[in-house]
Amino acid sequence: MTAAATPPHPNGPVLRATNLTRHFRVGGRLGRNTLHAVDGVDLTIGRREIVALVGESGSGKSTVARLLALLHPVTAGEIHYHGRPVGSLRGRRQRLDYRRRVQMVFQDPYSSLSPVYPVSHAILRSLRLHRGDLSATERREEAERLLGLVGLTPPGEVMRKYPHELSGGQRQRVGFAAALACRPEVILADEPVSMLDVSIRIGLLNLMARLREQEDVSFLYITHDLASARYVADRMMVMYAGQVVESGPAEQVLADPRHPYTQLLLSAAPDPDAMREESGPDDYGEPPRVVDPEEGCRFRPRCPLAIPVCETVTPPLGELTPGHSAACHVAALHKSG
Amino acid sequence: ATACGGQSGEGGSSAGASTLSVVNASGALWTCNFNPYAPASGQTAGAVWEPLIYVNTLTGKEKPWLATGYKWSPDRKELTFTTRSGVKWTDGKPFTAKDVAYTFNAAKANDALDSYALWGEGVLDSVTAVNDTTVRFRFKRVSTSSFYYIAGQTWILPEHVWSKVKDPVKEMMRKPVGTGPYTIGSCTPQAVTYTKNTKYWQKGKPKVDKVLYPAFVDNQPANRYLAQGKGDWGGQFVPNIDNYWVAKDKAHRKYWYPPSGNVYIGINSAKPYLGDKRVRQALSYAVDRDKVSSDAMYGYQPPANQAAIPTPTFKDWLDQAAVSKYAYGFDPAKVASRLQAAGFTKGPDGMFKTPDGKPFKLSIINNGGFTDWVAAVQVLTASFKKAGITVEALNLNGNEYNRRLSQGQFDLAYMSASSGPTPYYELRDVLYGAYAKPVGQDTSRNYERWKDDATDALIRKYDTMTDKQAQIGVVKQLEQVMLEQVPVIPVTQSVSWSQMDSTRFTNWPTKQNPYANPAPYAAPDWGVVLLNLEPVQK
Amino acid sequence: MPRLIRRLEFFVVTFWAAVSINFLLPRMMPGDPIQQMMARMKGQITGSRRHSLEVMLGLNTHEPLWKQYISYWGQVFRFDFGSSITYFPDSVTSVISIAIPWTLGLVGVTTILAFVLGTLLGAVAAWRRGGVLDSVLPPVFIVVGALPFFWVGLLFLYVFGVLLPWAPIGFGYDITAGQLSFNWQTISQIVSHALLPATVIVLTSIGGWILTMRNTMIGVLSEDYVKMARAKGLPSGRIMLQYASRNAILPNLTGFAMSLGFVISGALLVELVFTYPGVGYLLVQAVTGQDYPLMQALFLLITAATLVSVLIADAVTYVLDPRTRGRA
Amino acid sequence: MRTLSSSPDTTPDPRQPLLDITDLVVEYGMHEPVRAVDQVSLRVRRGEFVGIVGESGCGKSTLLYAVARLLSPPARIVSGQVDFAGHQMVRLTEDELRPIRWRDYSVVMQSAMNALNPVLSIGAQLRDAMAAHERVPAAQMRQRSEEVLRLVGIDPIHLTSYPHQLSGGMRQRAMIAMALVFRPDLIIMDEPTSALDVVAQRSLMRRVKALQEEFGFAVVFVTHDMSLVSHYSDRLAIMYAGQLVELGPTREVFAHARHPYSVGLLGAFPSLRGERRELTGIPGAPPDLRHPPRGCRFQPRCPKVMDICREDPPPYQVGATELVRCHLYGPGAPEHQEPR
Amino acid sequence: MSTDLSHTSGTGSTDDAATAVEAAAQEDDNRHRSAIGQLLGSIAHNPKALTGAAVLGMFVLVAVFAPLIAPYDPHATDYGRGVGPSGAHWLGTTTYGQDVFSQLVYGTRQSLLIAFLVGGVATVVSALIGVGAAYVGNLVDHGLSLLTDIFLVIPGLPLLIVISSYIRGGGIMVMVGVIAVTSWAYGARQFRAQALSLRNREFLDAARVRGERTSYTVVFEILPTMSGLLVANFLGAAVYGVLAVAGLQFIGLGDITSISWGSMMHWAENNEALQAGTPLWDLAPGLCIALLGASFSLINYAFDEVSNPALRPPRRRRPRPDRKEVAGANAVQQP
Ligand SMILES: Nc1ncnc2c1ncn2[C@@H]1O[C@H](COP(=O)(O)OP(=O)(O)OP(=O)(O)O)[C@@H](O)[C@H]1O
Ligand SMILES: Nc1ncnc2c1ncn2[C@@H]1O[C@H](COP(=O)(O)OP(=O)(O)OP(=O)(O)O)[C@@H](O)[C@H]1O
Ligand SMILES: [Mg+2]
Ligand SMILES: [Mg+2]
Ligand code: NI
């Protein structure tokens, strides 16, 4: 199978967020510092599309996913599901329906399973809530099928285990299976393979691709691993300090990174196929300032290409070539120049 | 006496000096304030301060003290004392009749000092020093019973000191100036030592050089101290005393608990059925006084008689014939006959029902803080139950108990009264209608609110008399009221607690020689005892 | 600095609450002190004396509650709590100030001793995991810690004070010696009188410190930085002190502070059993004697002491633990 | 005294192994022990950079800590020898170990946040390492501390900083600086970069490599990130379930992995630059070390499993420059096809 | 959180119980039981817990079957005053003529009742306030936390004494209430801390994403993870309750006419039992209190040990039958 790029949103986006913003107040009741976890992010996930979200640790990737999963209220911006704003969801039925269609795989497999229940708990609860037509035995069978699907064998035995009896990677797969239980349309997968051994990791990536092919599931795939993003994703968004700094077809972004941060990231990513390559700037990756950030490009302090305007004006995400945008004054100059 | 050998050398007192230790659970630490008006002063009366006349509450005998004599006017409206000359205050100034007049007039000026309400209740009219050795009391109304308070219970203070004190109530008096046999040696909150007044007016006395009076808040530590032979003179309930204390040195250790009053069950006659004297009599027949005394009190407090006369202390006052006639004692048959006469019926369970057929249920309030009372009431309720009467014990917190008691909110109340040198004082405390207040209002006497004109007349009559035989006649009539009407039920007699170790000091008061109340907390008696003690010569 | 403001808020509110509770509690209780006093005096006060006492103690005035509350605050700030009722006319301040040194001496010293000893023992037990100390101490002190300490006190008193009279059976000093003076003899007497109650307090409270220290220390010992210290070849004494113990003590500091604050009331039953003239003894008396002013002042004192200790513990933690500093 | 400032006083024989691990076995627990390191033999020469990779939980850290004698109960060395520069590490007592610790070999722990004492400043922690081994005047200590911090690219201002005041990357570098206080012959690094961002990770690795080339110490470097090690190590050891399954020059291993597990591992790597092709992982899960499978430990997942694999544990096979623990390459093995 | 009292909590046992539960079970191989079941199972293997449970069990039996076990009516005063131990009166009689053994047996009832009631009430109050504060958050959290801290600082024992002297004779329920009121704060802080740490645990988010109701989340997701803390709190409060009531009754507060260990000691003390020939009257109830307290503490401690394996005493190495050491067949060859 080749993960050939499918055309972006053939039938209109499943999930669309505009100007997505989330601030956290930090430093106590009287401190009133604001942490800009996500700042004005626009994002669309089309049908049968896998969108990779990459970026530095703490750049707001998980927060974006949590906002889409309605776990945090948005500070500003709007989320549309099939064109309908989620703010207009009324009553438990509508919300439950959204829950069924948009599922999330959590980043930390150690805390995302309840330690007091067997690992099947989450799957069975999900089946019970969203697929009321199934009988108890059918639910068990379905749960076993799902566990088998993510490579946990023998499923019958795994089901009865408690989270602490599983490795991090195994737990991650249980979380994945739980997300699949209610047959969602979109899965917000927050680093779903980070703890997997390389060999198993690839199996799960292949599963994602297969689900997309066979069951029309869309993914928001959050990861640090650029290679795996390239392997499975159609589009790629790069976040830095709460903002999207580059976005475009995965292959294109990786082949021709336009934002200096993307370039840095790419140059730093180790690649066994390119042994002992010693290029790129030396950078220790000091964390950017997201608490009460000032105007201007947030990457500016680390940027090798910074120009005076970067100090004062926050660069907008501008399209450089069709479908490929970057938020960089310099890149924009290059385009025009 | 080997058991107490260890204690004699203790304390490093100078050679030959005798130190007597008092072991008495005084209930609080000392404040080192020896102001006699302060409620928490040290034990000064009798040792530092003295009365005009010493009135022995056990015998009723009087002994001239700071006054060498007194005289009533024929109409009993004037009382004249001749004060002793040659007495000096410990600061060297002479004691005169003016000091006496000052002491009483200070109470007139300041309510707070009027401890016996002599002015407040309109007894005294004026007190004047006629000359240096004569002081005259004028009465507004005749009250011979007030003599005890005036002569025996008021401590004479030096005018030259107290007239300079701004507020006698709040005065912290560390070094009191008195006429008594002792002055304050040292004081810490944990112990006071009294040292001999070498210029005391009774020549050659006292013979005890030093008195150590530690502060015990509770009985247990005091008992322990006593048991170790560290104390010469004890003054509290010691359980199982024969085993615990006496047995260790039978030759020297003696105790004498002379009865001085009674502990009662107060009956609230305002409550249904309790206004009926037959019911009250029945209740009295249902009380097993012997068992209360033996089971809850180790027999130290002897059973009381319904006439409320402590015996043998006041045996002259007791109408033995009347007491025998009524024969109050645990007697279920009499309980039944009295109650049935009042219309009560006995249920199949043996418990009585009221005339309207309801179970007869009473409750008895009790001060839960007094362990011996709690034990006594436990025995009492059992005894009532045996006789067919249900009585529920309410062991209340001290405040709640006092509130209910003084406001009359109870069926029955386990309680005590204050006593004096004759049984009259206690009977008046319990029976005088003038003290009775309506239920809900506070009173501090006559809690059961007995109100009977004949009784009141008797009480007033006694107050005009000075002749003992005539007084006995009146008291016997009051006893008749007790026996027939049963306004309250005396259960046990209350005693003065006193343990005396004659290893180091002899000539303690005894039953045979009751020269003073033997309790170390009795004032001024303890001073009298100290004056009589003789250190054992080594 | 918001942290400071939050702490301040805590102190102010707690102090206010404590003062108000102190004010209200005794007033919500029925009953009256004079009858208590009369009861205590074994009938030495006759009923007729009641009025004179009321006047004396100033109990015959009845101000509205809110007025009392306001004047109470005034008193608090002036450290003037009026006269004690039990010890009238002595002032509450003076009554308490006499009792405090005894309590501080006995309970304060033993609390600190128990903490220091317990922490040390706990640290050593954890350090020598599985050693004799470690296998003996925990079970023994679980049991000892659950003993009712008044009972232990009684037993000790009976065995060491009565059966084999090695120790004095009460009081804070040798009362036969008269006035207290400052010389070696007096001090040694005071120490010998404190020995038995002190032993009881230390015995019954040390277990808690041993166990908590041992447990935190075991946790700390498995930390990587301890392993790192070993890797660096540091001498074991240094690892135990600078790396393990110091980090393990930090979480126990607040607990220690609170127990220091409770020193004043903490060993109430022990003081009672041993007739030790401290604040605890006083408090029981104030309660049974319905001595509002004394009770209130004692309560306030205890609360204030606790607050101050917590404040100090905060400061110490601030000094010892840089992590509490850096955050803005 | 060997310090950074002094010149090397010995010219070590490069062929003489610095560290020689022979048949090391480490277990956790008493009953049903977990054999976390099983029969591991490995030699490290002076100045060499040896990477050890393997899945999480395969015993890498345990191996390192056993070598450094930092295991604490319930772990214990059951058998085997470790010869470090002539010291029989397994037999030394704590007191005998103390002098060579940190001077001759130092350790960089997996997580710097936990490995730095939170209540001591960086400077104090540098100082106490020095003070533990020699008497040095304070000024000299300070000078040396500043020197090592500069080496790893940290402003010496941070000598007075506490660990929590540093970012993750700085903490890791501070750890490395600490390891360089004396110039040890061997630095043991346990996943020093796994908590870091890729960007920071690369910078750190570069710095380590540069320092190693400058000072010539040997590095044993553990990670589960194959790609990381591919850039920096001279030799590569691959561990699986407590055992060393393959060992050889890094390039050699990457080019011609022999053990089926190594092959699978390399085959499961999506590439960032090459052509996009579908990859397959290794089916199954790592074994439970409490009940390892009979025979070869990889046998239940091995695509090339043979009957013998299910029965006998494979020997540690010898190639020209590599070692492989697989029956495919055993002496009595059936004719085996040379991979690729 | 408003104050830093909570940041440096007192004991080592305030560990995140959820992780503790995990760690505990990790050690044990009983696969197919619930976490709590496993915990109970491991406690059964802990000698300290076994001892504690055995003692507690004995007391429970005695309390339940008191009328069968006690040979006499505990109130009756008919058995001779201050008689020493004999076949008829195993522990002798009191100076009031009551049978000491029968009183001891009946006294078990009150102490156990108090232990369980105080444990229960204090735990429920702590859990409600602690979890409530953490879960609702914001101002409610702030208020409740402040309240907790205040109650923590305000001296408990004196307060207890004051209140109980006021309500003397109010019966055991009032006592339980008062003790609970003065002792919930510490537990509430622990519950709050734990609930806060749970707030960051993603399985609660997972439940929301699944579409669970809040009530389900609280009852079935949050509370079960706190079972360790619940039990520890219960046991701790129970010990405190037993000791506090005994202490109060000993100094004569509380209901001293009820048959209980504390009131037995009170009466014994008032009658100088130790020195007046009836020492067992004083010693036996004290010992029983100590035993009951110790049994709770032992169970609690064992519980700590089980949920935090690091605290367990390391077992001595048992000599194992010589396992066949796999021969290091092949020498390492110089590459
Ligand atoms: N509940 C919260 N309260 C306060 N700050 C938060 C909260 N959740 C996230 N943040 C902050 O928001 C920023 C973005 O966090 P987020 O978890 O989205 O990053 P991330 O890109 O997922 O990082 P990682 O790759 O490490 O998972 C971080 O600085 C984080 O500290
Ligand atoms: N204290 C312990 N008790 C029992 N087993 C343990 C203990 N510590 C580690 N183990 C087991 O030993 C094995 C090896 O652990 P080790 O930490 O060496 O793995 P690792 O390769 O370093 O893994 P990672 O990459 O996650 O750091 C694991 O299976 C682990 O479960
Ligand atoms: Mg994230
Ligand atoms: Mg590791
Ligand atoms: Ni806080």
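Letters A, B, ... mirror the listed sequences (proteins, then strands); counts begin at 1. Side chains included, hydrogens not; waters and symmetry mates left out as well; all remaining heavy atoms used. Remember, it's a predicted structure, so these values are computed and weren't measured experimentally.
Applying the side-chain hydrogen bond (donor to acceptor under 3.5 Å, both in side chains) criterion to E:N233, with sequence neighbours excluded, gives E:Q190.
Sorted by first and then second residue, the salt bridge (charged side-chain N to carboxylate O under 4.0 Å, His left out) pairs involving residues 121-135 of chain E (not counting sequence neighbours) form an empty list.
Of the atoms belonging to E:F220, heavy atoms from both backbone and side chain fall under 4.5 Å from chain A. Residue contact with chain E, scored on non-hydrogen atoms closer than 4.5 Å, involves the backbone and the side chain of A:L71 alike.
Put simply, of A:R95, A:R100, A:R66, the one with the most heavy-atom pairs under 4.5 Å next to chain E is A:R66. For the set A:A122, A:A178, A:A69, the count of heavy-atom pairs under 4.5 angstrom toward chain E peaks at A:A122.
Between A:R139 and A:E142 there is no salt bridge, since none of the side-chain N atoms of the basic residue sits less than 4.0 Å from a carboxylate O of the acidic one. A salt bridge does not link A:E138 to A:R131: none of the charged side-chain nitrogens sits closer than 4.0 Å to a carboxylate oxygen.
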